[in-house]
Amino acid sequence: MGTRKKVHAFVRVKPTDDFAHEMIRYGDDKRSIDIHLKKDIRRGVVNNQQTDWSFKLDGVLHDASQDLVYETVAKDVVSQALDGYNGTIMCYGQTGAGKTYTMMGATENYKHRGILPRALQQVFRMIEERPTHAITVRVSYLEIYNESLFDLLSTLPYVGPSVTPMTIVENPQGVFIKGLSVHLTSQEEDAFSLLFEGETNRIIASHTMNKNSSRSHCIFTIYLEAHSRTLSEEKYITSKINLVDLAGSERLGKSGSEGQVLKEATYINKSLSFLEQAIIALGDQKRDHIPFRQCKLTHALKDSLGGNCNMVLVTNIYGEAAQLEETGSRLWL
Ligand code: ADP
Ligand code: MG
């Protein structure tokens, strides 16, 4: 991973039979991507609108298997967490571009599992390989929708919005969310069943509360605590890994958005732009104040974004011409 200061950025292109070769170009070393829009791609694109973007990256994932994606973006973050480094892996992009596929994957097929189940597997493998350490694993699953916090692993039945709201609290150890349930998992199977329970709750809540699940941010967190068992070595390490499936980055339609859709889009635009500002500020050595507390998303991730943390941003994009107008202007690398 080299230096830990900057954000490691990758683009994953959703596989398609109709790849827009004339619009998407990768650098020879796959460390840059150029996007070129034809002006006439959609009626209404005015002539002075920007049509070319060029981004520098750590890698392009084109027709990449879930296994390769994990090896490239997540493996080091997870292994360094056991050395005490907090890590954050985020998927960003338009709805349908593959964020949830990248994070969660298609769970019915082992090969198609995403970063989340693979990270849990790696954590428990590493624990087996370190019998000299007593390591505990806890997990939580937080959903942020319209700036409200929801516990996807709440042990209480859902009783409506009157329950005490969760709050984000900071102390010298870091940031934690008061009211969010954190579950001890002593083996891989426990962690998996919590993960699936969270996914199910996400779907149920989207029906009962009429919220569109692609309009929320979800943060699955793995908390690690390691004590050395040998007396010669007094070592105590804590860290966390945040695996984040961000809300869809698409803009509001030019017309017709109102009510709930407008409200959701407004919250998403705000939180994504605060996240973007935080990421840009982190890459700028001269900045000392980073505006983390402006929204729930950046506040909740505050101690896992900057400083001594490993941070990876995967931008999921479509490979087809029709969706690229949206992508070009919303990539932030
Ligand atoms: P998002 O979470 O960004 O809205 P999804 O991850 O739900 O998008 O992807 C939309 C659909 O495309 C899903 O059916 C998903 O299985 C499929 N999909 C996305 N990326 C890939 C990929 N790399 N390979 C195969 N199928 C994919
Ligand atoms: Mg999704």
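What you are looking at is a predicted structure, and each value in this text was computed from that prediction instead of being measured. Start at 1 and go down the list; that is how both ligands and their atoms are numbered. Along the sequence shown, residues carry numbers from 1.
Between K263 and E147 there is no salt bridge, since none of the side-chain N atoms of the basic residue sits less than 4.0 Å from a carboxylate O of the acidic one.
Counted within 6.0 Å of CZ on R130, heavy atoms from surrounding residues, nucleotides or ligands total more than 12; the atom is thus considered enclosed.
Judged by the shortest distance from any of its heavy atoms, Q66 lies outside the 4.0 Å radius around the atoms of ligand 1. Ligand 1 lies nowhere less than 4.0 angstrom from a heavy atom belonging to N316.
With a 4.0 Å cut-off on non-hydrogen atoms, H112 does not touch ligand 1 at all. Residue K99 touches ligand 1 through backbone and side chain together, judged by heavy-atom distances below 4.0 Å.
Remark: ligand 1 and T102 share no N or O pair separated by less than 3.5 Å (distance only, no angle test). At under 3.5 Å, a nitrogen or oxygen of T100, whether backbone or side chain, sits near a nitrogen or oxygen of ligand 1. Checked against a 3.5 angstrom limit, the closest N/O atoms of S214 and ligand 1 fall outside it.
At least one protein heavy atom sits closer than 4.0 Å to atom 12 (O) of ligand 1.
Between V69 and A64, the shortest heavy-atom distance links the atoms CG2-CB, 3.9 Å. Across all non-hydrogen atoms, the minimal contact from L297 to L246 is CD2-CD2, 3.7 Å. Minimum interatomic distance between S239 and A81 (heavy atoms only, all atoms of both residues): OG-O, 2.6 Å. Taking all atoms of both residues into account, the shortest heavy-atom contact from G248 to I268 is O-CG2, 3.4 Å.
Within ligand 1, counting atoms from 1 as listed, the ones closer than 4.0 Å to a heavy atom of T95 are 4 (O). For ligand 1 and Q94, the ligand atoms under 4.0 Å from any heavy atom of the residue are 3 (O). Which parts of ligand 1 touch K14 is read off a 4.0 Å heavy-atom cut-off, strictly below it: atoms 10 (C), 11 (C), 12 (O), 18 (N), 19 (C), 20 (N).
Judged by the 6.0 Å distance and 45° axis criteria, R12 is not positioned over the aromatic ring of F10.
Atom 8 (O) of ligand 1 has as its closest protein heavy atom G98 N, 3.2 Å. With hydrogens left out, the protein atom closest to atom 22 (C) of ligand 1 is Y101 CE2, 3.3 Å, a heavy atom.
Among G96, P15, A64, the residue whose heavy atom lies closest to atom 10 (C) of ligand 1 is G96.
For H227 and Y236, the ring centers sit closer than 6.0 Å to each other.
Residue side and main chain included, S214 places no N/O/S atom under 2.8 Å of the Mg ion (ligand 2).
Between the side chains of T16 and E320, at least one donor N or O sits under 3.5 Å from an acceptor N or O.
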task: Evaluate side-chain hydrogen bond (donor to acceptor under 3.5 Å, both in side chains) for H183 paired with S181, printing each intermediate quantity in order.
output: CA-CA 6 Å; H183 302 256; S181 64; 2.8 Å; yes
